[in-house]
Trainee: 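The following block contains the structure, expressed as structure tokens.
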Amino acid sequence: MMTVLILLMGAATPILFAALGELVVERAGVLNLGVEGMMIGGALAGFAAAHATGSPAVGFAVAALAGAALSMLFAVMTQYLLSNQVATGLALVLFGLGLTAMFGKPYEGVKAPAMMAGPLGLNGMIWLGLALVPAVWWGLTRTRPGLILRAVGENHDAAHALGYPVRRVRILAIAFGGAMAGMGGAYVSIATVLQWTEGMTAGAGWIALAIVVFAQWNPWGVLAGAWLFGGVTVLQLRLQAAGVAVPVQLLSMAPYLATILVLVLISARQKFGRSGGGSAPGSLGRSFHALR
Amino acid sequence: MFRLEPRASASLGWQIATPVLAVLATMLVGGILFAAMGFDPLAAIRTIFWDPLFGPASGYSRPQLLVKAGPLILIACGLALGFRAGIWNIGAEGQYIIGAICGAAVALAAYPLDAFWIFPAMILAGAAGGWAWGMIPALLRNWFGASEILVSLMLVYVAQKIAAWMAFGPMKNPEGFNFPGSRNLQQYEAAANPELIAGSGLHWGVVAAGVALALTWFVMSRHILGFQIRTAGAAPRAARFAGVRPERLVALCLGVSGALAGLAGLFEVAGPAGQITESFGSGYGFTAIIVAFLGRLHPLGILLAGLLMALTYIGGELAQMMLNLPAATVQVFQGMLLFFLLGFDILTRYRIRRRA
């Protein structure tokens with residue numbers, strides 16, 4: 001039982017990091033679809049750094065920096081050049097996948113340094129992810145910067161009129177989202193798979209985006225979504241190992257199908273008005289250009 | 001310093017100039033990247049953009065231009081309709097794979113029968129498969145309000161798993177010595193999509209791409225549907241008053257782009273690829289997104305952008321062989337190109353004025 005729980009937490013952690021980061025970005029009114037690109041960037045950079053120094057901790061720090069650096073591409077494009085956020089996010093994914101495929105070749109077949117197990121058999125990153133859930137919740141709802149961030153996300157014109165620096169708030173949020181996605185990606189390469197392979201995040205970034213919708217932009221909901229996803233993944237792997245008479249390829253569809261199902265359920269709840277939860281931030285995905 | 005002044009309407013001149021600028025900027029930054037990696041930048045750029053057309057081996061690579069551009073253009077035509085309307089089908093890769101599987105299923109079921117109707121039936125099945133795969137996000141959005149971006153993308157991964165399952169399971173070639181992968185349709189005359197004129201690269205998929213371009217042009221600029229699509233994208237509220245039913249538009253755009261992607265997959269599996277394999281999806285569905293944007297969602301632009309993207313594929317392969325450049329170079333180039341394009345796009349919508 002305990003090992004299943006540990007596996008579940010491990011499978012949930014990359015998604016938890018990436019989705020928490022994206023949640024903050026979206027609460028600031030920015031839709032960054034490039035999570036997958038930043039995750040894969042973090043996965044490679046973190047793996048390379050961990051391999052070079054022998055320290056997973058350094059790996060995760062470098063992954064955060066790499067994710068944030070990639071997110072700054074998106075920030076400059078959408079905040080200064082006012083490009084379409086959907087298209088720019090997509091470009092970030094394609095660019096990240098290409099860049100890592102190009103520079104990742106020397107790391108193929110190399111092993112990652114071992115992660116130390118922490119209390120209860122859970123490593124430090126799992127604990128950090130768990131701690132970040134209340135931290136993000138507290139930061140968003142109980143602090144002044146959090147209030148400003150939400151104001152910027154709900155109505156950027158009003159926030160601007162009140163004198164809040166819309167662009168600066170958004171850029172900081174995007175950087176945070178990038179760092180979180182980078183660490184989430186590094187968890188896949190350093191802690192889960194233990195090596196680097198091309199495109200190894202396999203859609204985790206997109207699942208994280210769906211989890212944010214599922215969570216109705218609430219950090220606790222992200223935790224629930226990440227665990228749900230972790231549960232489906234572990235269940236699927238267990239069924240594979242148990243030799244169920246279903247082809248492996250079909251079993252491994254489960255996380256993606258579950259994501260669609262969850263997305264449909266939550267969207268339906270919002271659409272048919274039986275929802276008590278939050279809705280999308282008012283300015284989500286819209287470019288901000290101050291005329292005055 | 002500088003300030004941005006919105007234009008009343010997008011500048012036509014810049015709309016044409018920005019893709020060109022984006023290509024030049026990509027070459028420039030790409031060259032710098034190559035130099036940083038220790039390659040001769042000029043040789044690399046020439047190998048990618050010039051040699052496939054005019055170099056010593058161009059006799060081999062020129063036909064490849066149409067082979068690669070065909071599916072890209074076919075898919076991009078459909079995507080352009082949706083993107084114009086603000087409907088984001090980014091799962092064309094999945095629709096492409098499912099179209100190929102459905103088309104191949106018809107051929108494999110008919111094997112070894114030799115009949116005239118097999119290839120037309122495959123075309124229908126391919127289009128229907130892609131259409132159905134595209135209709136899933138459409139219906140989920142219409143019924144429940146689920147994001148078509150995320151659903152269509154998730155379905156890409158599902159489609160890849162189905163392709164893998166097919167290659168190892170139901171579609172595995174019984175005479176293939178237990179290797180994964182279906183029968184090779186190129187060797188099955190009634191189902192093959194051959195080169196129509198030897199040495200040209202022209203196959204039925206390229207013909208279909210040409211037809212799709214013409215139809216896209218007609219629909220977008222001469223048909224009421226094009227008006228509805230453009231209005232819905234530019235001003236959703238106004239579109240409602242003009243009698244546009246958004247649900248119909250979602251179903252139409254995702255369905256049509258799915259069907260076109262499915263067709264592209266079918267022509268690929270019956271022609272250049274030949275068989276369903278685990279890695280059948282080769283990224284055309286994603287590259288076509290870049291083609292649609294680079295072509296400014298306009299048929300003529302899509303034609304040029306499709307040819308250019310095809311060129312980078314061929315040139316990338318050539319550079320890999322001749323200069324040992326990494327295989328992913330093309331992907332990086334394509335990503336950079338989209339970035340530059342979206343960045344320069346500001347010039348079409350804003351004037352840059354010096355602050356007084």
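Lettering of chains follows the sequences in order, A, B, ..., and the numbering in each one begins at 1. These numbers were taken from a predicted model, which means no experiment stands behind them.
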Trainee: So which heavy atom on A:Ser267 is nearest to which on B:Ala146, and how close?
Mentor: OG-CA, 3.4 Å
Trainee: If I measure from the heavy atoms of chain A, does B:Ile136 come under 4.5 Å with its side chain, its backbone, both, or neither?
Mentor: neither
Trainee: Checking heavy atoms, do the side chain of A:Phe103, its backbone, both or neither come under 4.5 Å from chain B?
Mentor: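 The answer is the side chain of A:Phe103.
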Trainee: Select one option (side chain, backbone, both, neither) describing which atoms of B:Phe168 are under 4.5 Å from chain A's heavy atoms.
Mentor: side chain
Trainee: Looking at CG of A:Leu82 and CG of B:Leu4, how far apart are the two atoms once the value is rounded to the nearest 0.5 Å?
Mentor: 6.0 Å
Trainee: Can you say whether the rings of B:Tyr157 and A:Tyr256 are parallel (under 30°), tilted (30 to 60°) or perpendicular (over 60°)?
Mentor: parallel
Trainee: Between A:Leu265, A:Ile266, A:Leu263, A:Thr78, which residue shows the highest count of heavy-atom pairs closer than 4.5 Å to chain B?
Mentor: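 With the most close heavy-atom pairs to chain B, the winner is A:Leu263.
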Trainee: What residue in B:Gln334, B:Arg349, B:Glu278 has the most heavy-atom pairs under 4.5 Å with chain A?
Mentor: B:Arg349
Trainee: Is the number of heavy atoms from other residues, nucleotides or ligands within 6.0 Å of CZ (B:Arg7) greater than 12?
Mentor: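 Yes, CZ of B:Arg7 has more than 12 neighbouring heavy atoms, counting only those of other groups under 6.0 Å.
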Trainee: Of the backbone (N, CA, C, O) and the side chain (C-beta and beyond), which part of A:Ser252 lies under 4.5 Å from a heavy atom of chain B, both, or neither?
Mentor: both
Trainee: Under the salt bridge (charged side-chain N to carboxylate O under 4.0 Å, His left out) rule, collect the residues that match up with A:Arg27, sequence neighbours excluded.
Mentor: none
Trainee: Do A:Leu33 and B:Trp88 come within less than 4.5 Å of each other through their side chains, counting heavy atoms only?
Mentor: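 They are not in contact (no side-chain heavy atoms under 4.5 Å apart), so the answer is no.
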Trainee: If you measure from CD1 on B:Ile90 to CH2 on A:Trp206, what distance do you get to the nearest 0.5 Å?
Mentor: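 Output value for this atom pair is 4.0 Å.
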Trainee: Between atom CG of B:Leu342 and atom CG of A:Leu81, what is the distance when rounded to the nearest 0.5 Å?
Mentor: 10.0 Å
Trainee: Counting heavy-atom pairs under 4.5 Å with chain A, which one of B:Ser147, B:Gly145, B:Gly283, B:Gly169 comes out on top?
Mentor: B:Gly145
Trainee: Using a 4.5 angstrom heavy-atom cutoff, name the option from A:Gly203, A:Ala210, A:Gly37 with the most pairs to chain B.
Mentor: A:Gly203
Trainee: Taking all non-hydrogen atoms of both residues, which atom of A:Met102 and which atom of B:Leu33 are closest, and how far apart?
Mentor: CE-CD2, 3.6 Å
Trainee: Applying a criterion of heavy atom separation less than 4.5 Å, what residues of residues 288-298 of chain B form contacts with chain A?
Mentor: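 So the qualifying residues are B:Ile289, B:Ile290, B:Phe293.
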Trainee: Only heavy atoms, only distances under 4.5 angstrom. Which residues in residues 90-97 of chain A are near chain B?
Mentor: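 The stretch touches chain B at A:Leu90, A:Ala91, A:Leu92, A:Leu94, A:Phe95, A:Leu97.
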Trainee: Which heavy-atom pair separates B:Trp143 from A:Phe272 by the least distance, and what is that distance?
Mentor: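 Scanning both residues completely, I find the closest heavy atoms to be O-CZ, 3.5 Å.
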Trainee: Looking only at heavy atoms, what is the nearest atom pair of B:Gln331 and A:Ala101, with distance?
Mentor: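 It is OE1-CB, 4.0 Å.
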Trainee: Keeping to residues at least two apart or across chains, list the side chain to side chain donor-acceptor pair (under 3.5 Å) pairs with something in residues 85-99 of chain A.
Mentor: A:Ser83-A:Thr88
Trainee: Examine whether an atom of B:Phe83 lies under 4.5 Å from a heavy atom of chain A, and if so say whether it belongs to the side chain, the backbone or both; otherwise answer neither.
Mentor: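 For B:Phe83, there is no contact with chain A at all, as no heavy atom is under 4.5 Å.
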Trainee: Over all heavy atoms of both residues, which pair between B:Lys161 and A:Met253 is shortest? Give the atoms and the distance, please.
Mentor: CB-CG, 3.6 Å
Trainee: May I ask you to check whether over 12 heavy atoms, not counting those of A:Phe288, lie within 6.0 Å of atom CZ?
Mentor: yes
Trainee: How many angstroms lie between atom CE of B:Met154 and atom CD1 of A:Ile207, to the nearest 0.5 angstrom?
Mentor: 4.5 Å
Trainee: Select one option (side chain, backbone, both, neither) describing which atoms of A:Val264 are under 4.5 Å from chain B's heavy atoms.
Mentor: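 Both the backbone and the side chain of A:Val264 come within 4.5 Å of chain B.
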Trainee: Report the distance from atom NE2 of A:His289 to atom CD of B:Glu5, rounding to the nearest 0.5 Å.
Mentor: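 Reported value, rounded in 0.5 Å steps: 9.5 Å.
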